[in-house]
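Just below is one structure, and these are the notes that go with it.
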There are 2 protein chains.
Amino acid sequence: MSSISKETLQRLPAYLRHLKELQKQGVENVASKAIAKVFNYTSVQVRKDFASISEEAGKPKTGFSVNRLVKDIAEFLGYNNINEAVLVGVGNLGHALLSYSGFKDYGLDIVGAFDINPNIKLVHGHKIYNLSKLESFIKRFNILIGIIAVPKDSAQDICDLMIGAGIKAIWNFSPCNLVIPENIAIINEDMASSLALLSQRLSKILKKEKNQ
Amino acid sequence: MSSISKETLQRLPAYLRHLKELQKQGVENVASKAIAKVFNYTSVQVRKDFASISEEAGKPKTGFSVNRLVKDIAEFLGYNNINEAVLVGVGNLGHALLSYSGFKDYGLDIVGAFDINPNIKLVHGHKIYNLSKLESFIKRFNILIGIIAVPKDSAQDICDLMIGAGIKAIWNFSPCNLVIPENIAIINEDMASSLALLSQRLSKILKKEKNQ
DNA sequence: TAGATTGTTAATCGATTAACAATC
DNA sequence: TAGATTGTTAATCGATTAACAATC
């Protein structure tokens, strides 16, 4: 158990989104083949993915229960028990993150937002605290997740501060490579990396079109 | 050639960032082992990655030329010939994307920003056009990349509009699964997917700490 | 020369896909 | 029953790592 593959894990949120859509439309059962078609996967992959997170098997001829899948995926992804997080950096990106209402659906609650600029007071219902309060806040509420949305030159400092205060997982939106100790989790939301992939795929498509 | 692995491609921007840092510090040569240490990779992986994008080999004992690597990676990633893009949706996220000055370094130039709301006029030096102008704009300037930063309910419509006008690559920031034809490239900047990975890693760390 | 570092070939690991028997 | 759909085992594919000879 728990040894679900990284790839499967990353596909789950998309499945869930689609299944919820089906649920809304009143669809009760769905075949792996139908889902595969939407995402351009093979039906075997979809079945394997489902098998790795759900106890209930699909039924030959009828497929999988949409309700059951929605329940199981949400449960597996931990959307039912909310994780609390702090966010540091309330510039343009920080504003966007604070205004995004979807995080709670994903089991994430930004309970504290911080900035060095004390002029900012309130953003989308979130009170903005002075950065000097960050450490005590993390400790007092035992926060484990830290979101970094500061300019890249201060990102490492904020990172160190967070980890020093007890943060165990960092979601980094700054375009920089943070240095962290071994027992800390990190995800870099790296625009450059995504863009590299998109550019490559675009090139391939243009090349293909040319050769036709 | 050109068959560089997806994984390698996604590591390149981080290498580049680090190498530029070294360059700034005046470092002339660097060993694969030193770079591996920074990213927690193996040195073989670093060498393989470099080999797949650079003509110039590393030298035993001295390592790789930092200047040469910076040049080659930037060249490979296409940072020297700028791609033009349009962005649709100038809400909080759109604001953040427009204010991000780093895109040009990554070879991306947002030459047009659009919104249905005609009240918005100018954001960080970008004039905001009415959505009705999108199609003709894409056609006139032969834009190939479209960035979607609208609420999820209108994302598919915008996507269809873009593709209809000639867009070949979509960078989707809306939390939804877009349906696209085969010959179109897409990258979903899926927060839920990243968060799933971060949560899993956090869980693993907490479990490990508990068992000690 | 000796030792650090390289590039490449072969082995391993992990994820996807093909094949097929089981079943509603 | 026949056919659609399932789960599982084995084969394939792709990426990483180990082993090692080459070289500055």
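By convention in this document, chain letters (A, B, ...) are assigned in the order of the sequence lines, proteins followed by strands, and residues within each chain are numbered from 1. Atoms considered below: every heavy atom in the structure, side chains included; atoms not considered: hydrogens, waters and symmetry mates.
- The nearest whole Å value for the distance from the CG atom in B:Asp49 to the P atom in D:dT16 is 7 Å.
- Using modelled atom types and a 3.5 Å distance limit, the side chains of B:Asn29 and B:Thr62 yield no donor-acceptor pair.
- Figure legend: B:Arg11 and B:Tyr41 shown as a cation-pi pair, the cationic atom lying under 6.0 angstrom from the six-membered ring centre and within 45 degrees of its axis.
- Counting heavy atoms of neighbouring residues, nucleotides and ligands inside a 6.0 Å radius, atom NZ of A:Lys168 exceeds 12 of them.
- Between the NZ atom of A:Lys6 and the C1' atom of D:dA15 there is a distance of 12 Å, rounded to whole Å.
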Got a list of protein N/O to nucleotides 6-9 of chain C N/O distances below 3.5 Å?
unit_1	atom_1	unit_2	atom_2	d
C:dT6	OP1	B:Ser32	N	2.9
C:dT6	OP2	B:Ser32	OG	2.5
C:dT6	OP2	B:Arg47	NH1	3.3
C:dT6	O3'	B:Gly58	O	3.3
C:dG7	OP1	B:Gly58	N	2.8
C:dG7	N7	B:Arg47	NE	3.1
C:dG7	O6	B:Arg47	NH2	3.4

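- The aromatic ring centres of B:Tyr106 and B:Trp171 sit 6.0 Å or more apart.
- In this structure, B:Ile116 places its CD1 atom where only 12 or fewer heavy-atom neighbours from other residues, nucleotides or ligands lie under 6.0 Å away.
- Relative to the side chain of B:Thr42, the nucleotides D:dA15, D:dT17, C:dT17 differ in distance, and D:dT17 lies closest.
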Per-nucleotide pairing state of DNA chain D [Watson-Crick or G-U, under 3.5 Å; [ ] pseudoknot-crossing; | other strand] = ..||||||||||||||||||||||

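- Salt bridge A:Lys139/A:Glu135: present, at least one basic N to carboxylate O contact under 4.0 Å.
- The separation between A:Ile4 atom CD1 and C:dA15 atom C1' is 13 Å, rounded to whole Å.
- In summary, the aromatic rings of A:Tyr100 and A:His124 are positioned with their centroids too far apart to meet the 6.0 Å limit.
- Salt-bridge annotation for A:Arg17 and A:Asp105: absent, with no side-chain N of the basic residue lying under 4.0 Å from a carboxylate O of the acidic one.
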